[in-house]
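This report refers to the structure that appears directly beneath it.
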2 protein chains.
Amino acid sequence: MSDKSKPTTGRKVRVDAERNRLRLLETAKGVFADKGSAASLEEIARDAGVGIGTLYRHFPTRDALIEAVYRNETEQLMAAATRLAKERPPVEALRAWLLVFVDYMAIKHGMSEALSSLVCGPSDLYASSGAKITEAVSMLVKNATANSDIRLSIEPLDLLRALAGVATIAAGPSGSDAAKRLVDILLAGISTRT
Amino acid sequence: MSDKSKPTTGRKVRVDAERNRLRLLETAKGVFADKGSAASLEEIARDAGVGIGTLYRHFPTRDALIEAVYRNETEQLMAAATRLAKERPPVEALRAWLLVFVDYMAIKHGMSEALSSLVCGPSDLYASSGAKITEAVSMLVKNATANSDIRLSIEPLDLLRALAGVATIAAGPSGSDAAKRLVDILLAGISTRT
DNA sequence: TTTATATACGGAGGCTTGCTCCGTTTATCA
DNA sequence: TGATAAACGGAGCAAGCCTCCGTATATAAA
């Protein structure tokens, strides 16, 4: 993270460019949360007070913008995974993290949609963020299996996909509750304890 | 099903109208499967060899078309539920039906997306089809709980939502396998047997 | 068979949105 | 204080959604 984004030139990054980039990210976060990731990019540019051309220069595709917006969120999920792994016994850490995941999806309405694509990734677009989340959940799962708390007969990511599915489809508070109950069912389903 | 759609008049339904209706349904099924339910309606009309106006007369909204396309599918799901409930013990019937559900979602790529909306229904659009599927899964679940095979701590529909989520997000054969493993985990999670 | 007419057809056209291109403006550096 | 590389931003084209209405035709009556 020490590069100035343009190592090929001596010029510093212009402050207006960086400012607009941040304004766009902030605005996009709000708009995506409100209207889902299919929201109008023109609206985002307008709300951010920049031209549509500026938006497209910073983020050449819709997906590039989405990825940038949610990179921050995925990093928080990663951090939570690391912290929980240290603080709690394996299976509890896993449960707690899954609940954190559900909360993230619930709070940011539109985010669940984005996270779905992200968790999936037949496209390479979300590859880096997706890889991080995979890493997080895999670590938690590995700890729990090593401890013989659970037997895993499914890809760790598929657990997230199921949660993402419920949260995506049934948005709102009731969907969140459903997702939380689903966490218990899933954990019971893969538990070695009777 | 004995009405001629226009009981207010003596005229028969014109054969060209019915033919175009069927062509549109058939074409839409293919295009939705290929490109998801956001596919261009103009393309569907073009492929079906009719004008865009004709498409809109038969199906005033995109959702009307989607609903019509998948009504047939949901009826098959209903039929399968009824049949399985008669032929097998409760919990097996439930498992078998969930697997049928997964297969449906896997085979028709684009359908999973439509079914997601359908299974959800904050909109009334898919109300009738959604209600049928709810009915089907509820019956199977009720049988199994009455038999004390499972304890249900979650809405039956949420089971489908989880499956839909996995199938939607991870399309293709691997997604299908994942969804099938998920069925086992879910059933283990709500089973009363240790 | 011929005629009358209800009904369906289909595309032009108005509108919105996605995305590109390029002339104008401005922050940086010498 | 220029020179200039870089960013800005909106005009403009393409594509899609949906409506409207003149034209074509299947059906029913004579």
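Chain identifiers are assigned alphabetically (A, B, ...) following the order of the sequence lines, protein sequences preceding nucleic acid strands; residue numbering begins at 1 within each chain.
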* What is the nucleic acid contact for A48(A), judged by heavy atoms within less than 4.0 Å: base, sugar-phosphate only, or nothing? ->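 Here A48(A) touches no strand at all.
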
* Asked: With a 4.0 Å cut-off on heavy atoms, is I52(A) in touch with a base, just the backbone sugar-phosphate, or nothing at all?
  ->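 Base contact.
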
Side chain to side chain, [X] and [Y], heavy atoms closer than 4.5 Å:
X       : Y      : result
I44(B)  : F32(B) : yes
L160(A) : L98(A) : yes
R21(B)  : E18(B) : yes

* So, does T192(B) use its side chain to make a donor-acceptor pair with the main chain of D149(B) at under 3.5 Å? ->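 Yes: the side chain of T192(B) pairs with the backbone of D149(B).
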
* To do: For R62(B) and S37(B), indicate whether the former's side chain and the latter's backbone hold a donor-acceptor pair under 3.5 Å.
  =>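 Side chain of R62(B) to backbone of S37(B): a pair is present.
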
Is [X] close enough to [N] that one of its side-chain N or O atoms is under 4.0 Å from OP1 or OP2 there?
X      : N       : answer
R62(B) : dC17(D) : yes
N20(B) : dA8(C)  : no
T54(B) : dG10(C) : yes
S40(A) : dG18(C) : yes
H58(B) : dA8(C)  : no

Send over the distance from [X] [atom1] to [N] [atom2], rounded to a whole Å.
X      : N       : atom1 : atom2 : value
R23(A) : dA7(D)  : CZ    : P     : 18 Å
K35(A) : dT17(C) : NZ    : C1'   : 13 Å
E18(A) : dT26(C) : CD    : P     : 20 Å
R19(A) : dT26(C) : CZ    : C1'   : 11 Å
R21(A) : dG9(D)  : CZ    : C1'   : 19 Å
R46(A) : dG10(D) : CZ    : P     : 11 Å
K12(A) : dA7(D)  : NZ    : P     : 14 Å
D63(B) : dC18(D) : CG    : P     : 9 Å

* Does CD belonging to Q76(A) count more than 12 external heavy atoms closer than 6.0 Å? ->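 Counting other residues, nucleotides and ligands, CD of Q76(A) exceeds 12 neighbours.
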
* **Closest to side chain of R14(A), choosing from dG18(C), dC9(C), dA27(C)** =>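 The nucleotide sitting nearest to the side chain is dA27(C).
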
* What nucleotide, of dC17(D), dA26(D), dC9(C), holds the atom closest to the side chain of V15(B)? ->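 Closest of the options to the side chain of V15(B): dA26(D).
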
* To do: Identify, between V50(A) and A39(B), the residue whose nearest nucleotide on DNA chain D lies closer to the 5' end.
  =>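 Between the two, 5'-proximity favours V50(A).
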
* **Whichever of G51(A) and Y56(B) has its nearest DNA chain D nucleotide further upstream toward 5'** =>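 Looking at DNA chain D, the more 5' nearest nucleotide goes with G51(A).
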
* **R57(A) or L41(A), whichever maps to the more 5' nucleotide of DNA chain C** =>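 Its nearest nucleotide being more 5', the pick is L41(A).
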
* **Which residue lies more 5' along DNA chain C, comparing E42(B) with D16(B) via nearest heavy atoms** =>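 Its nearest nucleotide being more 5', the pick is D16(B).
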
